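The structure under discussion appears below in the form of structure tokens.
We use all heavy atoms of the structure for the numbers below, so side chains are in, but hydrogens, waters and symmetry mates are not. Keep in mind that this is a model prediction, so the values were computed, not measured.
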Amino acid sequence: MKVPLLDLKCQYATIKEEILRVTEEIFESQYFILGPWVESLEKDIAGYCSSRHAVGVSSGTDALLISLMAADIGPGDTVITSPYTFFATAGSIVRTGARPVFADIDPETYNISPENIERVIGAMTGEEKACLKAIIPVHLYGQCVDMEPILEIAEKHNLFVIEDAAQAIGAEYGKRRAGSMGHFGCFSFFPSKNLGAFGDGGVVTTNSDEWYEKLRKLRAHGSHPKYYHQIIGGNFRLDAIQAAVVSIKLKYLDQWTRGRQENADKYRMLFSEAGLDATTNLPIEKENRHIYNQFVIRLAEKRDALRLFLQNEKIGTEVYYPVPLHLQQCFSYLNYQEGDFPVSEYAAHHTLALPIYPELTDDQQRHVVEKIKAFYY
Ligand SMILES: *Cc1c(COP(=O)(O)O)cnc(C)c1O
């Protein structure tokens, strides 16, 4: 039995008619960039994410970049983030000319730990503190960071909070939605995210009218009106086709999220029945509404051998992420060493993402668990 890590064809089959209808409409209109489809999606996303505004952009990476630009972060500034995340989080910081400063993660959620942020800031000189401008918490795998203490730290040190919610659309922290708690919320419509486009796309949410206007300007080369530039932006525009596809999918997002949550529950039951609880260290839900972009287990032993074994059994898995950012070659100038962030380093060597997409069948899930059992026993 084949169990891919993600099967987008299944999902497409259920919405094909709607998609083809709207794409034909767009082709007939020949209106491809921004415009009514993007505006309509922005309203829907703002509502879904409990934010006042949303600005459609060209990718999740650009959502991060444009938020940093809106916050005027640049050369000489530093930004605290997690070393255990997708590259774009730290890559965007560097692209503004600023410098990332890492703080290690919580071993249970894999999210940046507020205590470690405090420790990192506590060790800074007065001069270094003056350079610190923002924190980018990353809601990894679909579970929110412990935000309350981070918002307090940010308030105390006068820092921007830019949520990297690329993996967490609809995730909740108490009653608050991912992307609505900081100054900016950054989302990605990369096809493998829970709400994916048919190409690249993203969105920034904000509760501030002022930042909203600035984001809209930055998205179109900083111009307002057209051809009059007060600030320097870029081409961060979202295509109408991507907006229309995402708008259609948004109607089904809660249903798909429930499917992922039910699959997570089923894995818990199956792993427990198989006597594998202690071996597989299943995800811990500390914050409410985990949306399971990924279902990540942690294996004390033989992670890579298990992955190879499952691959030979046609079961797709992935390692998110094999090299923590402080050990990436391109960041060697930051002078971090192996051992600086032991929790992230351990996670990089011991975690494995299993298939969790909503259309996964009962038989497929049982098969995954049976094969993992066969490997360890
Ligand atoms: C996917 C992702 C991004 C980047 O999104 P793109 O749309 O691929 O540019 C940024 N941060 C995290 C945590 C992500 O998972």
I'd like to know if L238 and F190 are part of one continuous hydrophobic network [Ile/Leu/Val/Met/Phe/Trp/Tyr, side-chain heavy atoms within less than 4.5 Å]. no
Original post:
Transitively linked via ILVMFWY side-chain contacts under 4.5 Å: V55 with L41?
Top reply: no
According to a 4.5 Å side-chain heavy-atom criterion applied to Ile, Leu, Val, Met, Phe, Trp and Tyr, with indirect links allowed, do I297 and Y321 form part of one hydrophobic cluster? no
In plain terms, say whether D254 and R258 are close enough for a salt bridge, that is, a side-chain N and a carboxylate O under 4.0 Å apart. no
Rounded to the nearest 0.5 Å, the SG atom of C49 sits from the CD atom of E163 at a distance of 9.5 Å
field: Hydrophobic cluster identity match, I356 and V369, side-chain contacts under 4.5 Å
entry: yes
Would you call R176 and E148 a salt bridge, using N to O less than 4.0 angstrom?
yes
request  = If the plane angle is over 60° it's perpendicular, under 30° parallel, otherwise tilted; pick one for Y84 and Y110.
outcome  = tilted
Rounded to the nearest 0.5 angstrom, the NE2-CZ distance for H350 and R298 is 9.5 Å
* **Worked check of ring-ring contact (aromatic ring centres under 6.0 Å, His included) between Y320 and Y141** => CA-CA 9 Å; Y320 298 113; Y141 304 149; 7.1 Å; no
Next on the checklist: Is the ring pair F102/F331 parallel, tilted or perpendicular, if the boundaries are 30 and 60 degrees?
Outcome noted: tilted
Tested for side-chain hydrogen bond (donor to acceptor under 3.5 Å, both in side chains) against Y292, the lone hit among Q261, E262, E285 is E285
Exercise. Could you tell me whether a side-chain N or O of S40 sits under 3.5 Å from a main-chain N or O of P36, the two making a donor and an acceptor?
Key: no
Residue set satisfying side-chain hydrogen bond (donor to acceptor under 3.5 Å, both in side chains) with N111, at least two apart, ordered chain then number -> none
**Request:** Kindly say whether L250 contributes a backbone atom to a donor-acceptor pair with the side chain of D44 at under 3.5 angstrom?
**Result:** no
Cationic N near anionic O, under 4.0 Å, K286 to D146: no
Within 45 degrees of the axis of the six-membered ring of Y48 and under 6.0 Å from its centre: does R177 put its NZ or CZ there? yes
Worksheet item: In terms of side-chain heavy atoms, does R119 have a donor or acceptor partner in N116 at a distance below 3.5 Å?
Response: yes
- request: Look only at the side chain of R219 and the backbone of G56, and say whether a donor-acceptor pair between them is shorter than 3.5 Å.
  value: yes
Do the side chains of K214 and D72 get close enough for a salt bridge, i.e. N-O under 4.0 angstrom?
yes
By side-chain hydrogen bond (donor to acceptor under 3.5 Å, both in side chains), D239 pairs with (sequence neighbours left out) none
message: Is there a path of hydrophobic side-chain contacts, each under 4.5 Å between heavy atoms, that joins L325 and V319?
response: no
Do E313 and H367 have side-chain N/O donor and acceptor atoms under 3.5 Å apart?
no
Check against side-chain contact (heavy atoms from CB on, under 4.5 Å), F189 and V245: CA-CA 10 Å; F189 300 139; V245 166; over 6 Å; no
side-chain hydrogen bond (donor to acceptor under 3.5 Å, both in side chains) test vs T317 passes for just one of R303, R307, Q311, namely R307
